[in-house]
Amino acid sequence: MINEFEIKKQICEIGKRIYDKGMVASNDGNISVKINDNEFLCTPTGVSKGFMTPEFICKVDRDGKVIQANPGFKPSSEIKMHMRVYKERPDVNAVVHAHPMYATGFAIAGIPLTQPIMPEAVIALGCVPIAEYGTPSTEEIPDAVSKYLQSFDAVLLENHGALSFSDSLLSAYHKMESVEFYAKLLYISKQLGGPKELSDKQVQRLYEIRRQFGMKGKHPADLCPNAKDGKPSCHGCGGNCSHHSDADLVAEITRRVIEQLGK
Ligand code: 13P
């Protein structure tokens with residue numbers, strides 16, 4: 001089993017990567033890693049995540065309370081958001097929060113990443129919904145994110161940034177990279193006249209490949225109730241397919257009927 005000092009070094013390394021890649025500015029972003037059910041390492045609040053050394057890293061319990069922190073360091077102000085992910089997703093061992101330029105642009109414009117435009121993004125992420133805006137550091141963000149935790153491994157945070165989580169720190173970081181890459185490609189293709197989307201059939205074949213690979217994590221291919229029922233999957237329903245209430249469904253059907261009548 002890898003020792004805590006090594007994990008702290010890895011957190012610093014990933015912090016440097018998100019900073020060097022421009023996924024965060026100044027002191028933005030935060031990272032955490034689960035050590036066991038009641039011990040978690042996390043980045044401190046208010047420091048540049050690009051210039052951390054292992055003694056910066058704090059240890060908290062499952063409620064986000066400090067177990068150990070060196071003088072001058074306090075856990076991330078967003079620790080509640082991280083803890084909610086661990087609480088509701090026992091398979092998750094690491095969480096990364098950043099403000100990557102393109103993904104955050106989509107989060108600010110209120111556009112979820114739901115258009116199927118390239119195989120890798122479809123296989124790795126499915127689609128990326130937007131969790132409703134919440135005030136940083138309050139329970140509002142954990143509450144908003146909670147809705148999406150059982151169906152996705154990455155979400156955009158409305159008017160804020162992006163959150164990714166996985167079974168390892170490297171994998172959680174890679175998901176953040178994938179989100180940003182997907183957002184950038186979507187943005188560019190919109191400038192070039194709009195993306196030519198993959199067809200439903202092509203998306204379903206990619207979902208099938210993901211199932212065959214037995215890839216870990218939550219993904220619409222495995223979980224979307226629509227996909228399971230053989231209906232159009234997440235990519236066709238705006239990234240919210242896991243939480244359609246009856247009222248949502250009626251509203252959506254009404255919208256589609258009106259659309260058809262107008263043709
Ligand atoms: P912390 O430095 O407190 O982790 O906050 C950074 C941030 O990006 C808040 O959204």
Side-chain angles (χ1 to χ4, degrees), residues 7-35 39-87 92-110 128-149 154-165 169 172-173 175-177 179-180 183:
I7 300 172
K8 287 180 182 178
K9 285 205 296 194
Q10 287 174 4
I11 293 174
C12 297
E13 170 64 27
I14 296 300
K16 184 169 157 35
R17 282 182 191 230
I18 60 171
Y19 183 79
D20 288 351
K21 275 186 162 270
M23 291 178 163
V24 288
S26 180
N27 295 339
D28 296 349
N30 29 71
I31 301 164
S32 67
V33 171
K34 179 177 177 176
I35 305 174
E39 290 182 302
F40 302 81
L41 295 174
C42 70
T43 50
T45 186
V47 308
S48 171
K49 283 39 178 215
F51 297 90
M52 297 183 299
T53 49
E55 62 277 12
F56 282 40
I57 307 301
C58 306
K59 192 195 271 191
V60 295
D61 67 14
R62 67 162 75 86
D63 298 319
K65 301 260 157 30
V66 181
I67 296 176
Q68 194 275 325
N70 286 325
F73 297 105
K74 282 197 301 196
S76 167
S77 59
E78 299 286 15
I79 195 67
K80 294 188 189 99
M81 171 174 76
H82 290 242
M83 290 303 131
R84 184 70 73 88
V85 179
Y86 293 117
K87 187 170 172 214
V92 164
N93 291 317
V95 178
V96 174
H97 166 52
H99 306 160
M101 191 76 72
Y102 289 87
T104 305
F106 278 88
I108 291 170
V128 186
I130 304 182
E132 294 69 23
Y133 180 76
T135 308
S137 85
T138 69
E139 289 291 345
E140 291 170 17
I141 297 183
D143 287 347
V145 164
S146 167
K147 241 173 105 174
Y148 302 96
L149 288 176
V155 293
L156 300 182
L157 307 175
E158 192 174 20
N159 287 84
H160 183 164
L163 186 69
S164 61
F165 27 94
L169 179 54
Y173 165 73
K175 282 189 195 287
M176 186 61 76
E177 263 193 358
V179 168
E180 178 61 352

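Only this structure's heavy atoms are used, side chains among them; waters, hydrogens and symmetry mates stay out. Note that ligands are numbered from 1 as they come in the structure, with each ligand's atoms numbered from 1 the same way.
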Over 12 foreign heavy atoms within 6.0 Å of NZ, Lys16: no
Within the structure provided, determine whether Ile67 and Glu39 are in side-chain contact (heavy-atom separation under 4.5 Å). yes
Run the numbers for me: atoms of ligand 1, each under 4.0 Å from some heavy atom of Ser76, listed by number. 1 (P), 3 (O), 4 (O)
At less than 4.0 angstrom from any non-hydrogen atom of Thr45, what atoms of ligand 1 do you find? 1 (P), 2 (O), 3 (O)
Within 4.0 Å of some non-hydrogen atom of His160, the atoms of ligand 1 are 10 (O)
Go through the steps to decide whether Glu139 and Lys80 satisfy the test salt bridge (charged side-chain N to carboxylate O under 4.0 Å, His left out), and finish with yes or no. CA-CA 7 Å; Glu139 289 291 345; Lys80 294 188 189 99; 5.1 Å; no
Keeping the roles fixed (side chain from Glu180, backbone from Tyr102), state whether a donor-acceptor pair exists under 3.5 Å. yes
Closest protein heavy atom (residue, atom, distance) for atom 8 (O) of ligand 1: Gly29 N, 2.8 Å
Only one of His160, Glu78, His82 clears side chain to side chain donor-acceptor pair (under 3.5 Å) with His97; which? His160
Atoms of ligand 1, numbered as shown, that sit under 4.0 Å from any heavy atom of Asn27: 2 (O), 6 (C)
Using a 4.0 Å cutoff against the non-hydrogen atoms of Lys49, which atoms of ligand 1 qualify? 1 (P), 2 (O), 4 (O)
Answer whether the closest heavy-atom distance between the side chains of Arg84 and Val145 falls below 4.5 Å. no
Using a strict 4.0 Å cut-off to heavy atoms of His99, name the atoms of ligand 1 that fall inside it. 8 (O), 10 (O)
Can you check whether Asn30 has an N/O within less than 3.5 Å of an N/O in ligand 1? yes
For ligand 1, is there an N or O atom under 3.5 Å from any N or O atom of Ser77? yes
I'd like to know if Arg17 pairs up with Glu13 as an ion pair, taking the criterion as any Lys NZ or Arg NE/NH1/NH2 lying under 4.0 Å from an Asp or Glu carboxylate oxygen. yes
What protein heavy atom is closest to atom 9 (C) of ligand 1, reported as residue, atom name and distance in Å? Glu78 OE2, 3.5 Å
Give a yes or no answer on whether the side chain of Thr43 reaches the backbone of Ile31 with a donor-acceptor pair at less than 3.5 Å. yes
Does Pro136, backbone or side chain, put an N or O under 3.5 Å from an N or O of ligand 1? no
